[in-house]
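One structure is given below, encoded as structure tokens.
Note that this is a predicted model, so its numbers are computed, not measured. Letters A, B, ... are given to chains in the order of the sequence lines, protein chains preceding strands, and every chain is numbered from 1.
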Amino acid sequence: MTLRVLNTLSGEREPFEPADPDDVLLYYCGLTVSDDPHLGHARTWVHVDTIHRWLEHLGYDVRHVENVTDVNEKIVARVGERDGDGTLGDDEREVAATFIDRLLTDMRSLNLRRAEVHPRVTEHVPEIIDLVETLVEEDYAYESDGSVYFDVTAFPDYGELSNQRLDDVEAQGPKAERAEKRHPADFALWKAGGVDAAAIAEHRYDDRDYEAAAPTGETWESPWGEGRPGWHIECSAMSMTYLGETLDIHMGGRDLVFPHHENEIAQSEAVTGEPFARYWLHADLLEMDAEKMSSSLGNFVTVHEAVERFGTNPLRMFFLSASYNSTQTYSDAAVEEAIERWGRLATAYDRAADALAGADARTTADSTLGERAAESHEAFAAAMNDDGCGPPSRRSRNSARTSWASPSTATPAAARRR
RNA sequence: GCCAAGGUGGCAGAGUCUGGCCUUACGCGGCGGCCUGCAGAGCCGCUAUACGCCGGUUCAAAUCCGGCCCUUGGCUCCA
């Protein structure tokens with residue numbers, strides 16, 4: 001049975017074939033650590049985890065890398081802020097460290113397969129600078145006032161992932177940057193100087209208690225002077241460092257398709273001349289009151305709160321009750337239903353296992369129990385491999401759904417394994 | 001405006017690529033019953049005449065084709 005996956009690149013459900021038949025190089029675009037992780041993040045994590053586990057189940061050796069973006073103006077904006085016991089940190093690195101700590105704790109609480117490595121931007125600035133230098137040398141990028149921008153017109157396939165045409169793309173980045181760009185869609189690879197005060201003010205949590213300070217964030221020495229890496233380049237640098245020029249699977253939230261992933265493709269392929277990722281899988285977003293759950297909208301439930309309140313498996317159950325590539329709506333009632341659902345599944349599993357093992361004198365295994373369990377398991381595997389992986393072409397049709405793990409087809413045993 | 005993902009029963013959510021009995025799957029809810037010392041859990045049956053709208057193709061469409069409407073996301077930090 002072959003696994004098929006929905007590839008954002010083609011919009012088609014394609015047979016999955018890693019470059020090396022035994023290994024899967026999986027890169028998941030992780031978080032920018034400027035706040036506590038919320039259920040929207042958790043939903044994507046659980047789907048990534050499920051895919052990771054399924055690939056292992058199929059016999060692949062999964063090399064899973066998951067970055068942490070710890071250089072960002074939103075992080076700088078929280079320097080000196082007080083939260084609970086004390087300050088989040090006195091500089092950008094400290095604030096990031098605080099949130100990375102919470103991030104890893106939250107991930108553990110959801111029983112996720114751990115990534116092999118969680119690289120951070122601050123630890124990979126030299127690689128980033130190398131990439132940018134190469135891009136400049138090869139005329140894919142240009143320097144302007146100490147900043148470096150990627151020249152989208154130099155990369156003919158730009159827009160391929162998100163199906164955008166260059167003419168339709170609006171300007172990327174803040175206004176101040178735009179004057180320095182040749183094309184409005186050009187994006188920053190390197191930004192001169194530190195974070196300016198206006199940008200920080202925009203991201204301040206004004207309703208919270210913090211000490212007024214004027215941090216500018218960390219800067220690094222580069223061939224273009226002191227500055228900071230642009231937003232997209234770190235993923236190229238880190239994925240290439242750990243997984244090489246071509247990934248098998250690149251995952252992330254749907255909100256990253258454009259511009260983030262589009263830009264990653266452009267800058268990476270411009271350097272290597274090789275495809276950056278063979279398969280792009282995007283998890284759709286968790287909504288709350290018909291809006292996406294997000295830190296910036298403030299309509300979120302933190303992972304920490306939710307795990308305490310509902311428990312790990314019910315939450316996983318909740319996330320897996322909708323396809324990874326369709327939106328899901330959060331509500332207390334929906335999660336409470338997942339608690340029930342999980343409980344029933346667990347009970348059924350225990351009883352079936354007891355009966356099959358003859359461990360419980362009160363329940364005897366029906367002669368067909370084992371057989372039916374096997375059938376269910378087979379149906380589950382088929383769904384995971386085929387129907388479970390994605391909808392038909394979205395470009396020729398109008399619909400797309402996926403159920404990596406629709407519990408409907410899961411036997412208790414199979415579900416328990418997850 | 002451009003790009004993307006969706007619009008299925010009271011709720012939630014499969015099925016759409018590979019048209020056809022589609023089982024509107026699995027649930028939740030509701031109704032009736034069974035089991036049970038009580039409660040919980042469990043079990044059985046029923047309920048819901050659906051597939052955004054309008055056309056087209058076909059013996060046959062939720063599924064294919066065309067047009068339209070609506071929702072959400074992206075184009076600014078974003079899982």
Side-chain angles (χ1 to χ4, degrees), chain A residues 4 6 8 11-14 28-32 34-35 37-48 66 69 72-75 77 159 161-175 177 184-185 199 202-203 231 251-262 282-287 289-297 300 303 317-318 321-329 331 333-334 336-345 347-348 351 363 376 379 383 386-403 406-410 415:
Chain A
R4 296 200 299 164
L6 174 69
T8 305
E12 303 279 349
R13 200 187 286 188
E14 303 173 7
Y28 163 59
C29 247
L31 269 57
T32 297
S34 62
D35 208 336
H38 57 66
L39 289 182
H41 303 125
R43 168 167 140 97
T44 303
W45 298 346
V46 169
H47 282 295
V48 170
E66 193 167 306
T69 298
N72 184 283
E73 56 198 39
K74 287 171 75 175
I75 302 171
L161 179 71
S162 59
N163 210 26
Q164 304 269 351
R165 295 181 340 155
L166 218 40
D167 296 345
D168 296 332
V169 177
E170 291 179 12
Q172 294 184 35
K175 279 189 184 144
E177 280 183 8
E202 242 179 81
H203 298 299
W231 172 34
M251 293 194 70
R254 185 161 313 281
D255 51 353
L256 297 181
V257 175
F258 187 88
H260 188 52
H261 290 162
E262 194 69 69
H282 288 102
D284 220 314
L285 307 178
L286 185 67
E287 295 181 355
D289 298 329
E291 260 188 338
K292 84 166 178 173
M293 182 178 282
S294 86
S295 306
S296 43
L297 292 172
F300 61 94
V303 174
M317 189 80 206
F318 168 65
S321 69
S323 310
Y324 83 90
N325 74 335
S326 68
T327 55
Q328 182 175 26
T329 302
S331 70
E336 274 152 21
E337 186 183 322
I339 294 175
E340 301 288 323
R341 202 188 274 235
W342 170 255
R344 195 174 317 107
L345 204 55
T347 303
R351 295 175 74 184
T363 45
S376 296
D386 191 40
D387 300 287
C389 281
S393 160
R394 67 155 189 259
R395 293 197 180 143
S396 56
R397 284 187 28 66
N398 65 344
S399 166
R401 282 181 204 168
T402 294
S403 55
S406 167
S408 59
T409 49

Span that lies between the C1' atom of B:C21 and that of B:A60, in whole angstrom: 12 Å

Sugar-phosphate only, base, or nothing, as touched by A:Glu291 at under 4.0 Å among non-hydrogen atoms: sugar-phosphate

Gap in Å between the two P atoms, one belonging to B:A12 and one to B:C17, rounded: 25 Å

Selection from B:C3, B:A79, B:G13 that lies nearest to any side-chain heavy atom of A:Gln164: B:C3

Pairwise 5' ranking along RNA chain B for A:Arg165 and A:Gly30, keeping only the more 5' one: A:Arg165

Closest-nucleotide 5' rank along RNA chain B - winner of A:Asp284 and A:Glu337: A:Asp284

d(CD1, A:Ile339; C1', B:A12) in whole Å: 15 Å

Interatomic distance, A:Arg341 CZ vs B:A25 P [rounded to whole Å]: 13 Å

Candidate nucleotides B:C3, B:A79, B:G13, ranked by approach to the side chain of A:Cys29 - the nearest: B:A79

A:Arg344 side chain near B:C28 phosphate (N/O to OP1/OP2, under 4.0 Å): yes

Listed nucleotide nearest any side-chain atom of A:Gln328, set B:G13, B:C77, B:G73: B:G13

Criterion side-chain hydrogen bond (donor to acceptor under 3.5 Å, both in side chains) against A:His282, the qualifying member of A:Thr44, A:Thr8, A:Asn325: A:Thr8

Watson-Crick or G-U stems involving RNA chain B, each at least 3 pairs long, distances under 3.5 Å, ordered by first number: B:1-7 with B:69-75, B:29-34 with B:42-47, B:52-56 with B:64-68

A:Asn163 side-chain N/O to B:A4 phosphate OP1/OP2 under 4.0 Å: yes

Sugar-phosphate, base or nothing in reach of A:Glu287, heavy atoms under 4.0 Å: sugar-phosphate

Whole angstrom value for the distance that separates C1' of B:A4 from NE2 of A:His282: 11 Å

Touch class at under 4.0 angstrom, heavy-atom based, for A:Gly343 against every strand present: nothing

Sugar-phosphate, base or nothing in reach of A:Met251, heavy atoms under 4.0 Å: nothing

Integer angstrom distance from the C1' of B:C28 to that of B:G73: 28 Å

Touch class at under 4.0 angstrom, heavy-atom based, for A:Gly40 against every strand present: base

Of the listed nucleotides B:G74, B:A79, B:G27, the one nearest the side chain of A:Phe258: B:G74

Same-atom distance (C1') from B:G27 to B:U63, integer angstrom: 24 Å

B:G45 to B:U23 separation - C1' atoms, rounded to the nearest Å: 16 Å

Sugar-phosphate, base or nothing in reach of A:Ser296, heavy atoms under 4.0 Å: base

Sugar-phosphate only, base, or nothing, as touched by A:Leu285 at under 4.0 Å among non-hydrogen atoms: base

Rounded distance in Å between the C1' positions of B:A62 and B:G42: 35 Å

N/O (side chain, A:Thr69) to phosphate O (OP1/OP2, B:C77) under 4.0 Å: no

Atom pair distance, as rounded to whole Å: CZ in A:Arg254 and P in B:A4: 11 Å

